[in-house]
Every structure is written in structure tokens, then in C-alpha cells.
Amino acid sequence: MTDILSGLNEKQREAVQYTEGPLLLLAGAGSGKTRVLTHRIAYILERQLCEPWQILAITFTNKAAGEMRERVDRLIPGQGQDVFVSTFHSMCVRMLRRDIDRIGYQRDFSIYDTDDQRTLMRGILKDLKMDPKQYRERGVLAVISDAKNRMIDADLYEQNASDFFERSVAKLYKEYEARLKKNNALDFDDLLLKTVDLFKEEPDVLSSWQNRFYYICVDEYQDTNMVQFELVRLLSAKYKNLCVVGDDDQSIYKFRGADITNILDFEKCFPGAKVIKLEQNYRSTKNILRVANEVISHNEGRKDKTLWTENPEGELPTFTEYATAGEEAEQVVKQAMNAPFALREQAILYRTNAQSRLFEEKCIRESVPYVIVGGVNFYQRKEIKDILSYLRIVANGVDDLACQRVVNVPKRGIGDTTMERVAQFAGQNGISIYDALCTALTIPEVNKGTAAKIAGFVDVIETLRETLKAHDDGCGLKELIESVRDNTGYAEEMKKEGPVEYETRMQNIEELISKAVDFEENYTPEDDADSMSLLASFLEDVSLVADIDRTNDDDDVLTMMTLHAAKGLEFDRVFLCGMEEGLFPSQASINSQDPKGEIEEERRLCYVGMTRAKKVLTMTSAGERMINGETRSARPSRFIDEIPSDAAVISRRRRSAASWDDNDAFNDGELFSRRDTYSCRSDRREYGTDRGSRRYEGFGDSAGFGYYQTSNSFEGSGYGSLDHTSARSEKKAQSAMKGFVKGSAIEKQKPDYGVGDRVNHTKFGEGTVTAMEERPKDWQVTVEFDDWGQKVLMAGFARLEKC
DNA sequence: TCGAGAATTGTTTTT
DNA sequence: CAATTCTCGA
């Protein structure tokens, strides 16, 4: 007992011991909430308030689930493994696997990922002859997903459809559902939704789970959506021992339905709920925390709390604006390389996955070992999806999508036209594609030659089924995958793509095999899921793996990932990169219907990023970067503006105040939104080759900019207080700072030319200055150009050169 | 049926 | 820019 409660502060201890009844734990970043959760579970176990398997703990990732199990196990040896720790999605799969047949699905259902969903929707649009320009599958699916997250089914959606578009979407929604059902498949949202359906339609199923779980904990509660709320509500209804942990300031998944009111209104929904706030931060330095607090304080409607720490001051966070994204990446990688921290203790965080490319490039160049979390998910890679599709057909014969995906992979001479006919035949006879293929010879429209090829494919599948059956004692995944690789001609097909691709693909398949072996070894048939095959569980498991789950912390490598992926992690040093208006906060959030709300979400994301840092926070931006093949320029993020000047070392590139204002207009909508609202392609056509930065004349070229720095001097920054390596870094840091001059935030300079002088402009060429007028933030210059006539320019913006 | 080259189109963020 | 779709010739 003393063990479990020792080392906890008063609040934490209170939370650990408050086991009965609803509890809302408002846990700020780095306040030790995982610690509280694990100790709480251990406390319950030690007190023998219930059996391990009667505790349900829901985490955000599978990795977190594993870690929690481990940590509990360390506190109460031998019992941690039996606690039901899981993500919402995995939990639902387990529950559905047991009982989904009671609501009209088969228990060997497939799980469709985003790609599968899109393929399915594309087919629907085609069959219903809807204009794919008008109904883009991505958009339609987003609407459907949104509806599902709010527990609006197709019928209800139809009833509420108020305009033509919505009625069309309703039709698509219905068809989409029908096809999922026909394929015996569920999408991600369904996993949650169907579980709720199951609970509502089969009360005894619900009560069996209700009876089982005496204690329920939900981590990252601020990111739960309505369906998840409903699940939690239902499951906890009997014993009401529900503990939710979250931080409204870290709610960053609104886009996928997370509803912040779940946490804000917890006390209303669960009367008598106890609220405990954890406000002491154990992770970051005072200086990092101050910056994070300052930024997040710009949000309205938060739960009142102030994070504080007893940690040392630490050094001031820095912000540096580089000229280009390339330079940003290079400097960041070099700094990481020379910092007095192990690579694994540092992370590069960014808003979008696309930003990783440059960092990756620089890491390769500098030979810095790195790992990118996210981007293209392992299980979405072509070769993996292909192989899994084979396995899906083996497991679930009615999965048409899987069938269509690999029927001609490797090339068997079964083309689109043939498959079109087969699909039609299948539809007419109400059978699955695979069943249709099995009887290909009887399909009149399919000619004999192709039918023979089809028979070859069917043969492959049947052989695989044999392989599986031959190992009914539960060892066969490895053989199965190897069989797909080696006996279908798949390996040969890959060779054609070139040796490099071949190698990486083979490696990926190897990785899949070891995953499979691993899975098999740890596989314990569910107490109640008797006949459910090992294969089906493997496939279900595999589709729920997030990329973060696959990272191992053993290697000393530099980690790069999106801010979203960084949630829940911590590093000694964090690089927060790409802090530019239009990127972070994203242009979409600025242009959205609800800019205020969306920018607040971006700000929370920023807060999450900053609070990942334990000792050093380094923020950067680029004056220009390539986006969609166009060089675009941007001013530093508004979040940088929100940092008080004495709280960080802020180095912006020198720009006149006037150009800032223009730049604001540029970034805050006008020009970009036009590109978004209307076709940006028409722009391209109209302007021909005059693309990108040249179109926004005056922004693209960075020549002529200097640096200046606001706030205090460099004293106290750098790595002086750390160790020897630090001296080196300090030097590096200083030399990187070369060219920076001290100055105030906004400083207008009188140009070095005057009325009557000859000047040169990058676009307009030479001309004579005819007038100069001082403006509040800049000098306005009138020039009579030789070739272009009179122009009125802002000096800080036009970069005129005296000649 | 299939491949190569052209054209088009797109970015948040993810279980 | 890069990923995906389209188009056309064999």
C-alpha cells in the first residue's frame, strides 16, 4: 500500500484513492496522469476491490495500452496482464467478434480502412451514375463519417436531409451501408457504432459487460466522440465507477468527431461526479511552461486551471524564422545532431506529414538516423494490402473489395471488362464476387479463355484455404503469407519494379510475417470466441494498428512526427517546425466557417506540441516553402505573436511593417482563399508559366532580407549550463545566429535612397524616385519606372536598390 | 488487356 | 511536387 501511494502528490493520491463513483480528473500536460491511472488500478487490485479482468481501461493507442498493462504489472506483479486495457476500437472489435451475429453480421467480418471505403464509394458513385465531380468520394465519406459519429444512421439522415445535395448523400449513405453489409464489412466508425447498436438491441449482451466491469477508466477523455461517450455511459451504468482523465486544452481531434463538451459537461452527465485537478507539471521547465501557458491563454471557454511546476527555470525557448523550408530543415537537423541530448530524446514535430520529406532528406545527407512516425501507414502499403487482401478472401469469402483488389495481382490477364461482367453476374444472382468467380465458366459473358485464368485464381485461394486447414492447431499464418508471396507469382511481379523496390517490399513482407508469428504466439483464444479463427483475429488486429504503435524506443534515432502523433509523448528537446500562418494554424482553419473555433483547436495543438518538451523548446518557421508545387511565402504564426517578448528568444527575418500588413492580407484569406474557392487550375491556365511566387510578386525572392531579433540577448540561452557538448553546440548556435542583429520587434528604416535617385526593382527595372512619404510603419515611395511608368511602392516590401 | 506517358488534382490532422 | 487518374497505341 505504502508503495503504491508513495511518491504521489496530495491530489494524485486523492485521485488514486477515490475509486467509487464518477470521477473527472482534469490533468494538465505532464501532470502525471498516466502515473495516477496506473497507480489507481494497482490500488484497486491491491485492495482486492475486484479481479483484474473486471477493470476496463481505455487508452488512446495500442501502445499506451501495452505500456499501461506493463506498468500495472510492475506494481502488482502477475495481475497487470489480466486487466482489460484497450483502445475503444480494439475493445469494440472484441465485443463484436463475440456477438455481432446477433445483429445480422457474421463474426468473421472484415474491417475497411480509408482506402477500402474510398474504393467502395467510388463504385457506388459509378453505379448510381452520380457525377464524381460533384460528389467526391472523400467529401461524401466525410459527411457519412460525421453522421456516424453523431449516431445518425442512413434513415435518420435521410429524414433530416433538407436540400438536394443532402438527399443525394442520403442515397449514397444508404447504398454505402448496404454494400458494407453485403461484404460483411465494417468501417472504423461502425466498430463503435455497431457495438452501441448491439448493446441497445441485445440488452443481455450489454448487461453481461456491465456486470463484468466494476471499474472503468478512460484516458484522453477530451478526445472522445459522441459514440464513445455513449459506450462509456452504457458500460458504466451499472456500477457507475467511472473515472475519466483528460485535459480540455489538449483536445485536438475535433475533425474526427471528438466532442469537447464530453469533458466540459461531465459533471452534468454524471451527477455527483467528483472533480480533481492536477495542475502541477513534472515534465517541463518553468520557461517552457510559461510560453505554453501564455499561448493557450488566448483560448476562450476553457476549464479554469493554471499549470505550474517546481522544475528549474531552464533556458528560454527560441523561435527562429529561416528563409526557406530547406534551410529550416537543415538547421534543425544540424542542431539535433549537435545537441547535448541523445537523438531518441529529441523530436521534430510539425503540422502536416508532407513536411517530413525535407527533414528526411537532410537527415540522410547528414547521416542522422531517424524514424518518421506516420505518413503512409505500414498496413496501407501496397504489398501489405495485397497480401492481406488474399488473407481476407480466405477468411471472409464475401469480401468483394479484397477480391477485386487482387484478382489480377499479379497479372493474370483478368481485366476490368471481365470483372465488370463478373460483378454484374454476381449482382444479378445475389452472390459474392468470389462465388461468381468460382463458377466463372457458367457466366455466358465471360469467354472461355479468361474463365480458365479465373480458375487459376480460384485455385490459388482454395490452396490457401487448404494451407490454413492443414494447420488447424493454430500455426499457419506464417505459411499462409509465405504461400501468397511465393506461390502466386507475387514475388516475381515485384521484381519487375526494380531491385530497390523489390528489396524494401520483401522487407515489409518479412516484417508482416514476424508480426504474424508474434501475434500467433500471443494468441489466446477468447474465452467465449470459440470458432473464430486465428486468421480473422489477426486481420482485425492488424487493421487497428496505428503507426505510433509500431515505434520501438530502443534505437537511438531522431523521431519526427505530426503534432497529433506526439500526443502523450515527451522529449528532452522538441523542435516545433513550420510555425507559419497558413500552415500552423492551417489555412483551412483560417478560412473555415468557424475560424475562431478551429484556430482554437490549432492553438491547442500548439500547446500540445510545446508541452512535449522537457528541457529545450526550439520553434522554427520558413519564410517560404513549396506547397503543391508552388513556392509560397508566409509570415510567422500568430502563435509566435502570442508569446510575450521576454518569454522567448524570438528571431524574425527583417521585413518592414508595411509588408507585414500586406502579408497579413495575403495570408489571411484574400489570395489563398480565392484559389481554394474557385478552381486553382484556372489560375494556372490563365497565368501560364507565371506561377507560384512570381505571381505574388515581391514575396518570393528572399534576397535582401536581414535578420533581427526581439527580446533579450542570448545570455542565458544556449547550452552553457549543460555539459561539454554544449560548448560546441553553443558555438554552433551562435554562428547560426550570425547575421542577427538586436532590435525591437518592428523597426522601420529610412531607405538609403531619396527623391531623384535612380533605383532598381526586380520586376520593374530601373526608374527614378519622384516622391517619398513616411507612413506609420514604412516608407511609401513613388517611382517613375523607365518601362512601366509610375508606381507607388512600400519600401520595406519592394526591395528597391539604389543604383 | 496493358503499359507508358500525359493530364489532372490536391493537403491538414487519424482510429 | 507527387500521387493518382486518363488516354491512347499495340
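In what follows, every chain begins at residue 1, and chains take the letters A, B, ... in the order their sequences are listed. Note: hydrogens, waters and symmetry copies are ignored here, and every other heavy atom, side chains too, is used.
- Applying the side-chain hydrogen bond (donor to acceptor under 3.5 Å, both in side chains) test to A:D219 and every residue at least two apart in sequence or in another chain returns A:K33.
- Within 4.0 Å (heavy atoms only), A:R122 reaches sugar-phosphate atoms of the nucleic acid but no base atom.
- A:E602 comes within 4.0 angstrom of a base, heavy atoms only.
- Within 4.0 Å of A:Y253, counting heavy atoms only, lie sugar-phosphate atoms of the nucleic acid but no base atom.
- Look at A:E642 and A:R638 and you find no salt bridge, because none of the NZ, NE, NH1 or NH2 atoms lies under 4.0 Å from a carboxylate O.
- Dashed line: the shortest gap from a side-chain N or O of A:N353 to OP1 or OP2 of B:dT14 is under 4.0 Å.
- The A:R357 side chain lies nearest to C:dA2 when the options are B:dT12, B:dT15, C:dA2.
- As judged by a 4.0 angstrom heavy-atom cut-off over every strand, A:S543 is placed among residues making no nucleic acid contact.
- Side chain of A:H564, nearest nucleotide from C:dC1, B:dT12, B:dT13: B:dT13.
- Taking for each of A:S589 and A:M419 the nucleotide of DNA chain B with the nearest heavy atom, the 5'-most of the two is the partner of A:M419.
- Sorted by first and then second residue, the pairs that involve residues 349-360 of chain A and meet salt bridge (charged side-chain N to carboxylate O under 4.0 Å, His left out), not counting sequence neighbours, are A:R351-A:E602.
- Separation of the P atoms belonging to C:dT4 and B:dT13 is 14 Å when rounded to the nearest angstrom.
- For the pair A:K254 NZ and B:dT14 P, the computed distance is 18 Å after rounding to whole Å.
- Residue ring and base: A:F255 does not count as stacked with B:dT12 (centre distance below 5.5 Å and interplanar angle below 30° not both satisfied).
- In this structure, A:R625 does not reach the C:dC1 phosphate: none of its side-chain N or O atoms is under 4.0 Å from OP1 or OP2.
- Applying the salt bridge (charged side-chain N to carboxylate O under 4.0 Å, His left out) criterion to A:D386, with sequence neighbours excluded, gives A:K382, A:R405.
- Stacking of A:R94 on the aromatic ring of A:F84 is recorded, both the 6.0 Å distance cut-off and the 45° axial limit being met.
- Nearest to the side chain of A:R136, among B:dT15, B:dG10, B:dT12, sits B:dG10.
- What separates CE of A:M226 from P of B:dT15 is a distance of 22 Å, to the nearest Å.
- The interatomic distance linking A:R94 (CZ) with B:dT15 (P) rounds to 20 Å, in whole Å.
- Partners of A:E420 according to the salt bridge (charged side-chain N to carboxylate O under 4.0 Å, His left out) rule, which considers only residues two or more places apart in sequence or in another chain, are A:K126.
- Nearest-nucleotide mapping onto DNA chain B: of A:S586 and A:T87, the residue sitting toward the 5' end is A:S586.
- For A:R302, the side-chain hydrogen bond (donor to acceptor under 3.5 Å, both in side chains) partners at least two apart in sequence or on another chain are A:D249.
- Distances shorter than 4.0 Å separate some side-chain N or O of A:T562 from OP1 or OP2 on B:dT14.
- If you measure from atom CD of A:E600 to atom P of B:dT13, you get 22 Å, rounded to the nearest angstrom.
- Atom P of nucleotide B:dT13 and atom CZ of A:F60 are separated by 15 Å, given to the nearest angstrom.
- Summarising the geometry, the separation between OH on A:Y221 and P on B:dT15 is reported as 21 Å, rounded to the nearest angstrom.
- A straight line from CG of A:D115 to C1' of C:dT4 spans 12 Å, rounded to a whole angstrom.
- The CZ-C1' distance, from A:R256 to B:dT12, rounds to 14 Å in whole Å.
- The only option from A:D189, A:N225, A:D187 that meets the side chain to side chain donor-acceptor pair (under 3.5 Å) definition with A:K148 turns out to be A:D187.
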Protein-nucleotides 2-5 of chain B N/O pairs closer than 3.5 Å?
| residue | atom | partner | partner atom | Å |
| --- | --- | --- | --- | --- |
| B:dC2 | OP1 | A:G413 | N | 3.2 |
| B:dC2 | OP2 | A:N408 | ND2 | 3.1 |
| B:dG3 | OP2 | A:K411 | NZ | 3.4 |

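- Residue contacts for A:E220: at a heavy-atom cut-off of 4.0 Å it reaches no nucleic acid atom on any strand shown.
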